[in-house]
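Worth knowing before you read on, the calculation uses all heavy atoms, side chains too, and leaves out hydrogens, waters and symmetry mates. Just so it is clear, the structure is predicted and the values come from calculations on it, not from any experiment. Letters A, B, ... mirror the listed sequences (proteins, then strands); counts begin at 1.
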Amino acid sequence: MNLSVEDVKRWMHVSNQKIQENKEYLSELDQPIGDGDHGHNLGRGFEEVVKKIEREDYQEIGALMKDVAMTLISKVGGAAGPLYGTAFLKAADEWKGSPTITEELFIQGLEAAVEGLRTRGKADRGEKTLIDVWVPVLDYVQNHDIQPFELKGIAKEGMQSTNGMQAKKGRAAYFREASTSHIDPGAYSSYLLFEALYESVNIEEGAHD
Amino acid sequence: MNLSVEDVKRWMHVSNQKIQENKEYLSELDQPIGDGDHGHNLGRGFEEVVKKIEREDYQEIGALMKDVAMTLISKVGGAAGPLYGTAFLKAADEWKGSPTITEELFIQGLEAAVEGLRTRGKADRGEKTLIDVWVPVLDYVQNHDIQPFELKGIAKEGMQSTNGMQAKKGRAAYFREASTSHIDPGAYSSYLLFEALYESVNIEEGAHD
Amino acid sequence: MKKIINRPENVVDEMLEGMAAAHPDTLKRLPDSNVLVRNEAPVLGKVGLVSGGGSGHEPAHAGFVGENMLDAAVAGEVFTSPTPDQIFEAVKAVDSGNGVLLIVKNYSGDVMNFEMAAEMAEAEGIRTEQVVIKDDAAVEKEDDRRGVAGTIFVHKIVGTAVEEGLNLDEAAELARHTAENVRSMGVSLKPGVVPASGQPGFTLQEDEMELGTGIHGEPGMERKPMQEADRLTEELLEKVLDDMDVAAGEDVAIMTNGQGSTPLMELYIVHRKVAQMLKERNIHLKQSMVGEYMTSLEMAGCSLSILRLDETLKKYLL
Amino acid sequence: MKKIINRPENVVDEMLEGMAAAHPDTLKRLPDSNVLVRNEAPVLGKVGLVSGGGSGHEPAHAGFVGENMLDAAVAGEVFTSPTPDQIFEAVKAVDSGNGVLLIVKNYSGDVMNFEMAAEMAEAEGIRTEQVVIKDDAAVEKEDDRRGVAGTIFVHKIVGTAVEEGLNLDEAAELARHTAENVRSMGVSLKPGVVPASGQPGFTLQEDEMELGTGIHGEPGMERKPMQEADRLTEELLEKVLDDMDVAAGEDVAIMTNGQGSTPLMELYIVHRKVAQMLKERNIHLKQSMVGEYMTSLEMAGCSLSILRLDETLKKYLL
Ligand SMILES: Nc1ncnc2c1ncn2[C@@H]1O[C@H](COP(=O)(O)OP(=O)(O)O)[C@@H](O)[C@H]1O
Ligand SMILES: Nc1ncnc2c1ncn2[C@@H]1O[C@H](COP(=O)(O)OP(=O)(O)O)[C@@H](O)[C@H]1O
Ligand SMILES: [Mg+2]
Ligand SMILES: [Mg+2]
Ligand SMILES: [Mg+2]
Ligand SMILES: [Mg+2]
């Protein structure tokens with residue numbers, strides 16, 4: 001799985017589509033165990049992301065990713081803004097100067113992103129956050145040949161695993177026991193991003209067939 | 001119709017009973033065209049009136065009426081407090097020093113009371129206020145042999161006549177056309193006072209039979 | 001309707017006790033009364049300033065007791081004018097021999113009770129003057145106009161002026177002058193609930209608003225479909241500007257007043273449009289007051305009050 | 001739910017425009033930002049003080065910009081922390097070379113966004129310190145405690161202190177010291193409604209109340225049958241007193257804060273009971289703040305915040 005500038009742009013476009021389509025659903029997930037704004041927060045951010053990257057001509061992926069990160073940081077707010085912003089910013093550092101992301105680079109980027117998420121959120125696996133999607137995905141890419149379809153499946157499992165966990169971080173933690181038996185909205189949006197990755201790569205591969 | 005100190009005390013007791021029994025109704029009348037407190041205002045006042053006059057031993061009616069007036073003035077508030085307070089205070093002036101109210105004195109007292117109401121309220125007949133009960137009653141006593149039963153009937157007619165009038169004074173005036181087809185709460189409470197007068201005199205007469 | 005109260009019949013007493021407990025440096029409660037008096041009262045050589053009305057309008061009126069404002073505030077039952085004996089107690093407590101000015105809102109009950117208090121004061125040799133505020137532009141006939149939020153401008157201006165030594169006649173004159181230059185207009189979305197009855201004063205549908213509502217929830221000019229903030233602000237502001245023929249080049253102060261449960265966010269959204277409209281008309285906004293000054297329990301909605309400023313009024317307000 | 005707004009997506013922008021229009025003598029809005037800055041900023045020789053958070057808590061935070069308070073307030077979307085770039089703009093605008101103290105309420109989003117802003121400032125050579133306020137006694141684990149109304153005490157005390165010349169480390173130290181001596185506890189009767197969704201944040205029955213609610217309507221310790229004011233006040237006050245082991249003979253300040261639609265009358269009824277209880281325990285009530293300081297749109301309910309006063313805190317607060 002190699003990703004070109006165009007591939008990553010497409011990834012971001014499909015991500016935006018999915019976020020917009022699921023905006024209400026994400027906010028609904030955030031309603032019982034948060035403040036009901038996750039979909040709106042991300043919707044606002046990704047809308048700006050695609051506007052921003054459409055206007056620019058990128059020679060390499062680091063610059064593209066940095067724009068994605070900075071846009072999310074300045075438009076999303078709440079908890080999701082700094083988390084996704086930090087994740088993409090850390091990845092952008094790894095991808096700086098590269099016109100293509102190789103599997104190795106992809107893994108390095110993901111490692112940095114997860115490291116960023118952990119530091120920023122001071123959270124770990126099992127605390128019912130988006131970390132519960134990112135860490136298993138990182139595990140998978142570090143230990144397997146990357147199959148986008150499988151990667152998406154791993155993300156989905158991670159997302160689903162949050163249903164049943166008691167929240168320990170973020171607003172959801174105030175709901176204590178009541179937070180169990182709900183999917184974490186941040187986990188769901190992270191799943192959407194990896195699903196978008198799979199679909200954009202898949203379209204790509206389809207297109208080349 | 002002569003009224004002794006005991007008669008007037010009984011009048012006030014029966015008035016209190018009627019006001020308390022009709023407290024909710026009076027406030028309900030005040031709801032659509034006022035602020036829904038007329039019954040509570042008067043209830044608060046008359047409760048204190050009977051407490052006050054029970055404790056005292058009156059040699060004449062002026063002192064008794066003055067206590068009634070001052071209690072209403074200090075306990076009722078709103079529009080009804082100063083109006084009823086003024087009416088009773090003016091009557092008290094006329095009845096000062098008299099252990100019995102003769103018909104002539106009664107008329108003088110009522111004249112003074114109505115004069116007081118007019119001056120205090122700057123209102124006249126047909127403006128949908130308690131004046132529409134007091135003025136016809138005054139008319140009646142000035143021009144007829146006083147029959148308490150008839151007096152009560154006149155008061156009732158006056159009260160009923162307010163249904164159909166458009167309010168010009170007090171809170172009800174803000175309701176303009178909407179104030180029509182409602183009985184004025186102050187008119188209703190005034191009717192109750194005259195009804196109480198009839199009943200207390202009637203009991204009295206009954207008792208003497 | 002849930003309320004944080006104990007027994008409904010005690011709300012006024014307990015509220016006043018709370019106010020006295022909260023602000024002992026500023027005011028005290030006259031024993032066995034519903035009167036809150038400035039600590040320094042009677043202030044030597046100064047005209048006393050007394051206002052009051054039914055409770056449920058907090059911070060009016062006790063919240064405006066203090067330096068450069070009222071010397072005493074008299075609280076009636078909820079939405080019911082205070083009684084003359086209470087007003088008279090306030091008058092006695094603040095009179096330093098220079099007389100007392102009574103600022104009265106134009107409601108039958110208020111006018112009559114203050115009038116009786118003035119008669120009691122006269123009988124005891126205390127000079128008083130009454131000024132009846134009629135700032136509500138919602139009502140057509142001038143005599144019927146209610147006293148609403150604009151009254152606070154009168155408290156503030158006269159309060160400052162008497163501190164500087166105006167005598168009773170001058171103070172009354174200034175109060176009347178101020179009142180003539182104040183207009184208010186309100187809109188309500190949801191009624192308040194009187195503790196004693198537990199019932200809302202009126203009912204409005206989800207898509208209705210009532211223009212020109214009074215501060216006890218009495219009805220106003222008309223019931224209309226709910227409008228967005230800018231349209232609603234236009235209606236309110238145009239009404240008060242027209243009513244007083246405010247012309248380009250004039251200076252004004254504006255109070256954007258919340259009726260009890262309207263978020264401050266919404267009041268500022270309204271105030272933004274007010275400032276825009278005044279700018280377009282070249283009317284100079286010299287002072288803004290945005291917040292809850294004259295409420296009606298938890299009524300939702302707001303009112304705009306405008307004060308046209310001349311040199312005298314500027315001197316005491318700005 | 002009726003609201004006096006235009007388009008929901010514009011509420012924050014229009015509110016800030018209204019605030020700037022209302023208070024030009026005190027503050028200005030940084031162009032193209034959601035930052036309101038004190039006119040004099042950066043104040044020469046003074047440590048800058050910046051706070052902020054989601055909107056919907058008005059008057060927090062922009063209402064506390066001014067002398068002896070904040071140099072700047074940053075507004076996020078409704079109930080959503082502001083973004084780091086906005087906070088960074090505020091930091092740049094108020095830094096006079098003496099560094100900037102960031103007062104942050106303990107919510108994941110707030111903490112992370114302020115942290116990123118601090119990193120940006122560091123990259124530009126501006127020194128910052130962050131103090132995270134965790135005054136909500138409703139939450140057991142100290143690290144999870146939210147920052148709620150008690151934060152205002154920190155603004156006020158540190159705001160006054162930096163005006164008198166404290167340096168950044170001293171200011172941060174004082175802010176932490178103040179924060180350690182503040183506890184808050186809230187109760188809600190009715191949720192607020194976020195303009196974007198038009199939906200209430202939670203639902204409560206007519207006879208229910210929720211103890212320990214957060215300022216965005218997040219749930220608290222427990223849902224209980226509605227109680228009368230005195231019982232409810234006992235629950236709140238006992239919780240904060242116990243949590244900080246306030247002993248007889250100590251001095252305290254109390255903020256009785258309305259959450260948005262609770263009549264001031266009710267807040268004073270609560271405050272009356274607070275004053276009574278403190279007296280019974282021989283705890284000295286040195287200062288009372290009763291009103292709306294930190295709201296949640298039109299949420300109904302109130303919170304009590306207590307500040308235990310030592311000589312340092314008294315010096316800056318009283
Ligand atoms: N400390 C944290 N570490 C990791 N993820 C977190 C943390 N706090 C919150 N999150 C994630 O953020 C999501 C909520 O985002 P969002 O609703 O946009 O922000 P907010 O909670 O400020 O309203 C949660 O579902 C969770 O996945
Ligand atoms: N100016 C007035 N002159 C005569 N009667 C009046 C006047 N204003 C009000 N009233 C009477 O007072 C009654 C209302 O009394 P009440 O409800 O106790 O006072 P408030 O209107 O202050 O709540 C009205 O029904 C009317 O009969
Ligand atoms: Mg959220
Ligand atoms: Mg009434
Ligand atoms: Mg009344
Ligand atoms: Mg949020």
Side-chain angles (χ1 to χ4, degrees), chain C residues 1-7 10-12 14-19 21-23 55-56 58-59 63 78 187 189-190 192 195 204 206-207 209 226 228-230 232-233 256 260-276 285 288-292 295 297-298 300-302, chain D residues 1-7 10-12 14-19 21-23 55-56 58-59 63 78 187 189-190 192 195 204 206-207 209 226 228-230 232-233 256 260-276 285 288-292 295 297-298 300-302:
Chain C
M1 184 70 206
K2 287 181 269 189
K3 287 185 174 286
I4 308 184
I5 61 173
N6 297 299
R7 295 176 53 187
N10 295 341
V11 291
V12 174
E14 292 181 358
M15 168 185 78
L16 294 171
E17 203 180 315
M19 287 178 163
H23 313 296
S55 293
E58 293 67 33
V78 176
V187 62
L189 315 185
K190 192 179 70 71
L204 281 172
E206 250 312 293
D207 54 353
M209 62 181 197
M226 185 64 198
E228 62 174 31
D230 283 1
L232 188 155
T233 307
T256 298
S261 65
T262 299
L264 198 47
M265 168 182 275
E266 299 177 22
L267 299 182
Y268 276 110
I269 289 174
V270 167
H271 200 75
R272 160 194 144 276
K273 180 68 181 172
V274 167
Q276 276 178 8
L285 178 57
S288 298
M289 294 158 77
V290 183
E292 294 184 343
T295 62
L297 297 167
E298 63 279 88
C302 68
Chain D
M1 184 67 204
K2 287 180 270 190
K3 287 189 176 282
I4 307 183
I5 60 173
N6 296 300
R7 295 175 52 185
N10 295 342
V11 291
V12 174
E14 292 182 357
M15 169 185 79
L16 294 171
E17 203 181 315
M19 287 177 163
H23 312 296
S55 294
E58 292 67 32
V78 176
V187 62
L189 314 185
K190 193 179 68 71
L204 281 173
E206 250 313 294
D207 55 354
M209 62 181 198
M226 184 64 198
E228 61 174 30
D230 283 1
L232 187 157
T233 307
T256 298
S261 64
T262 298
L264 197 48
M265 169 182 274
E266 298 178 20
L267 299 182
Y268 275 110
I269 290 173
V270 166
H271 200 75
R272 162 194 141 276
K273 181 67 180 175
V274 168
Q276 275 178 9
L285 178 57
S288 298
M289 294 158 77
V290 182
E292 293 184 344
T295 63
L297 297 168
E298 63 279 88
C302 68

statement: Whatever's closer than 4.5 Å to a heavy atom in chain D on C:Val11 counts as both

query: Between D:Glu292, D:Met289, D:Glu266, D:Glu228, which shows the greatest number of heavy-atom pairs under 4.5 Å with chain C?
result: D:Glu266

message: Using every non-hydrogen atom in the two residues, find where D:Tyr268 and C:His23 come nearest and quote the distance to one decimal.
response: OH-NE2, 2.6 Å

- line: Counting heavy-atom pairs under 4.5 Å with chain D, the top scorer among C:Lys2, C:Met265, C:Glu14 is C:Lys2

- prompt: Going by heavy atoms in the side chains, are D:Ile269 and D:Thr233 under 4.5 Å from each other?
  reply: no

message: Please identify, among D:Val187, D:Asn6, D:Ile5, D:Leu264, the residue contributing the most non-hydrogen atom pairs under 4.5 Å to chain C.
response: D:Asn6

field: Interface residue of largest heavy-atom contact number with chain D, from C:Ala275, C:Ala21, C:Gly301, C:Ala22, under 4.5 Å
entry: C:Ala22

message: If I measure from the heavy atoms of chain D, does C:Leu189 come under 4.5 Å with its side chain, its backbone, both, or neither?
response: both

task: Could you list the residues that satisfy side-chain hydrogen bond (donor to acceptor under 3.5 Å, both in side chains) with C:Lys3, not counting sequence neighbours?
output: C:Glu298

- line: Note: vs chain D, highest number of non-hydrogen pairs under 4.5 angstrom among C:Leu267, C:Asp207, C:Asn10, C:Asp230 is C:Asp230

- request: Side-chain contact test, heavy atoms from C-beta onward, threshold under 4.5 Å: evaluate it for C:Thr295 versus D:Pro263 and give yes or no.
  value: no

field: Test side-chain hydrogen bond (donor to acceptor under 3.5 Å, both in side chains) applied to D:Thr256 - qualifying residues, sequence neighbours left out
entry: D:His271

task: Determine the option with the most heavy-atom pairs under 4.5 angstrom with chain D, choosing from C:Arg7, C:Gln276, C:Glu58.
output: C:Glu58

- line: Here the gap from D:Thr262 atom OG1 to C:Ile4 atom CD1, rounded to the nearest 0.5 Å, amounts to 5.0 Å

message: Using heavy-atom distances under 4.5 Å, tell me whether D:Val274 contacts chain C through its side chain, its backbone, both, or neither.
response: neither

field: For the student: nearest non-hydrogen atoms of D:Pro195 and D:Leu297, plus distance
entry: CD-CD1, 4.1 Å

- prompt: Checking heavy atoms, do the side chain of C:Met226, its backbone, both or neither come under 4.5 Å from chain D?
  reply: side chain

